[in-house]
Amino acid sequence: MLQVALAQVRVHARRFLAVGLAVMLGVAFLSATLMVGATTRASLGESIGASYAKAGLVVTGQEGPEVPAEIAGELASVPGVDVVHGLERAYTRVTTGSATALAVLTAVAPDRLETTRVTKGTYPSGPGDVALDEASAVRLGVVPGDTLAVDSGAAPTSPVHALTVTGLTAPSADPMLSGAAQVLAPSSVVREVNEGGTTYRNLQLALSPGADPTAVASAVAASLAASRTDGAADLVVRTAAEQTVTDVAALSDGGDALTGILLAFAAVAVLVAGLVISNTFSVLVAQRTRELALLRCIGAERRQVRASVLVEGAVVGLVSSVLGVLLAVGVMAALVGLARRTGFGSFAVLAVPPSAAVTGVGVGVLMTLLAALVPARAATRVAPLAALRPSEPPTTGSASGRVRLVIGLVAVCGGAALLLLGAVSVAILPAVAGGAVSFLGVMLLSPFFVPVSVAAVGRMARPLGVPGTLASVNAVRNPARTTASSAALMVGVTLVTMMMVGAQTARTAFDRELDENYAVDLEISGLGTAAAVPGASVNPSTLLQVDGVRAVVELTPVLLTSAEDGASLVYAADPAAIAGVLRAQGVALTDGMVLAPQDWNQGEVTVEAANGPSTLPVTSTDATFFLPLITPATAEALGGTPDGALSAYLGAAGDPDPADLQGSLSSYVGATFWLGLDDARDAGTVADIQSRIVAATGVSEYQVTGAAVERAAYNQIIDVLLLIVTALLAVAVLIALIGVANTLSLSVLERRRENSLLRALGLTRAQLRGMLAVEAVLVAGVAALLGTGLGILYGWLGAQSALGGIATVSPSVPIGQVGAVLAVAVAAGLLASVLPAHRAARLSPVAGLAMD
């Protein structure tokens, strides 16, 4: 029987093509997911360990990153230790011309332990020299020989060092340095930025030539244990490789959330592939009923027949799984290659753990065997002389049908109740569990409603004439096969639609919350001497020249004092101009009142003025992020900023004395600008406007905030997540469409004589192709419609369970995206019919009727 099984696979390889594709895609997804986790860890190891890659041993703290400076001198005398270097870093701001950037200063290390590579110029050699990474140099417009201003502290009165850039370095792969300018500086500069302290993040030890790392590590540990320095007992000694593993584990918190998420999508792909494989083997066994019966007539036992079918499944599963693993390796290699071309992924390395290959092959073979098990058992239930009959779906009248119906109804009702509970109580875990259980119930009940739905929709095809009428009948001729094909596609479409509706609903909810909580589209703040960017120049005329800015309002700071609250900062602005940019409806700024944010829970405020106390009514807006406003006339009536108010305000804030600032309230706090935009919805448009404002004014992008920026950020995150999730789920949809094409191909093979008879009776080739096309469109279209309905419901309730506690959630359906999913499903079903229809139409009626 083994030879018979292998012969079946060899002779009828075309029939197993769809099975192989489904297994290969499912296994490739699963194996690639496992490779992602290993590749991520390997890449993190390459990047995190970059700062001590040349060290033989690394000494770090167990609870914190700091190592006492006195330890370095003690360890230098340990036998086998050649060089000891304490890693020092500081965070500050660097400026060149009008460009400013956040910077990480790293102290220069001895030659044996220096991991930074100079690509142009030379290493810093003097106390006034620094080196800058190439990417930051391009961003700041710096070349070797230029001067770089480095702030030596956080206070606005801190001195600034003018240092000479002697060289450019290759950007470090250390994630702790990403996003900031990487400056290699003398230890004296680093320590001054750290307020004069010497703080080592770790100690790096270069060993003497020929020294045994294990023996030296033991000696270092003994020296630390015997040290009288505070904190020495809490230090640990590791090799560079061991320290890298420890750092990666700490960075990932000992877990791998990304792999877990991807495994969930891989499980969906494997589930859909299992449905396709099971359906395919059922049809293959049904087609070979006579052949298997003949084998039993000539002496084959039931056990041997079952074994032959399982061997076929094992061979197909093994070959396809191996190809799937190879496909996963190729895809991951391509992704790593692309990542290495970018600045953020230059340290990426490919890691293919044996477990990924073994798990992929094992799951692929097991999945194929399980899918072939039911057809294998069915192959021996038919009497040897039985004729070929299509399998009937379970009905409520049969024992299996009643069990399936009861289990399905219980799962749907119980899961729906749990899903509703999660949505009402805003609990994501019950909602996810309820959604999974209820969807499983829908799958169990699918044989009872999918054929009926296909038949109902099939009536719409009858006006197409004979091809439409025949297609509507053929689509439900084998209800079990139709159900299996539709179920596989329905799973994928449901999940894709769920993610689209959930993302759109979340987007709408966030937009509503942002509109309610932010007063204006954009706000430019932090322009005083305490936070100003050198060279920045902001005024209404400059801002109005920026393309996309519709209106600009300047808010001038004013201090109000009261006996109850002390000094309070408010802003004066023109009421007419405010009305042009304010997003809140139904509120207006008038003379003699304070327009306040939502959290000002008071009806009036009594303030000290030049002519005595004055009471101002307070009108609260719905916005949370809102600056309290008064009109210029009100500020003038109050006599401006009273004497002593600025000192009281700054003293309460713990800031320097105003006399040291040599400026007024406006020069210290700075004016704030509110901007109205022409188009504040599109993330790309808002990002462009923000960039143009930064370029025109010289301010930092972090000083440009507001509803438009927040909305753009949220929408960008949602769009990226939606793109990734949709791409991942597209694998499941692709596998399901392969199942539709496979079902139609096997149906054509099964009905060769019937199709040839129709041709003999006058059905043209075009009509035959049309009949098969309509049949495929019916199956795919009904599955897509059912999946869309379920996806909309799950997406809405899922968004409610996840976001109901922070925003008002109402269902929002992206009609265009959902319509595109339906169109793709129908078009793919139509495309799936091309090859089967071509083969059916090419066969001559005489040859087809002669076939057995």
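- Scanning all heavy atoms of the two residues, the minimum distance from L418 to A433 falls at CD2-CB, 3.9 Å.
- You'll find the side chain of T359 stays beyond 4.5 Å of the side chain of S31, heavy atoms only.
- Taking the side chain as every heavy atom from C-beta outward, V27 and S320 never approach each other to under 4.5 Å.
- In this view, R507 and D719 satisfy the salt bridge (charged side-chain N to carboxylate O under 4.0 Å, His left out) rule, not counting sequence neighbours.
- Here the closest heavy-atom approach between residue A780 and residue A825 is recorded as CB-O, 3.6 Å.
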**Request:** Go through the steps for V782 and M490 under the test side-chain contact (heavy atoms from CB on, under 4.5 Å), then give the verdict.
**Result:** CA-CA 9 Å; V782 169; M490 189 164 58; over 6 Å; no

**Message:** Walk me through whether V23 and S321 qualify under side-chain contact (heavy atoms from CB on, under 4.5 Å).
**Reply:** CA-CA 6 Å; V23 174; S321 298; 3.7 Å; yes

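- Shortest non-hydrogen contact noted between A32 and A328 is N-CB, 3.7 Å.
- With values rounded to the nearest 0.5 angstrom, I407 atom CD1 is found 10.0 Å from L445 atom CG.
- With hydrogens and angles disregarded, no donor-acceptor distance shorter than 3.5 Å links the side chain of T497 to the backbone of T494.
- In this structure, M332 and V352 have side chains that are not in contact, with every pair of non-hydrogen atoms separated by 4.5 Å or more.
- The shortest distance between side-chain heavy atoms of F449 and L786 falls below 4.5 Å.
- Taking S438 as the reference, Y794 meet the side-chain hydrogen bond (donor to acceptor under 3.5 Å, both in side chains) condition, with sequence neighbours excluded.
- Under a 3.5 Å cut-off, the side chain of T505 and the backbone N or O of G502 do not form any donor-acceptor pair.
- T788 places a side-chain heavy atom less than 4.5 Å from the side chain of L822.
- Side chains of R238 and L57 form no contact here, defined as non-hydrogen atoms less than 4.5 Å apart.
- Nearest heavy atom pair, residue M24 against residue L323, reads SD-CB, 3.8 Å.
- Closest approach of P814 to Q504, counting heavy atoms only: CD-CB, 3.7 Å.
- M500 CE to L495 CG: the interatomic distance, rounded to the nearest 0.5 Å, is 12.0 Å.
- When all heavy atoms are compared, the tightest approach of A411 to V437 is O-CG1, 3.5 Å.
- Contact of the V58 side chain with the T60 side chain is registered, since non-hydrogen atoms from C-beta on lie closer than 4.5 Å.
- Within the 3.5 Å criterion, the main-chain N or O of L444 finds a donor-acceptor partner in the side chain of R404.
- Side-chain contact between V501 and Q817 is absent, with no heavy atoms from C-beta onward closer than 4.5 Å.
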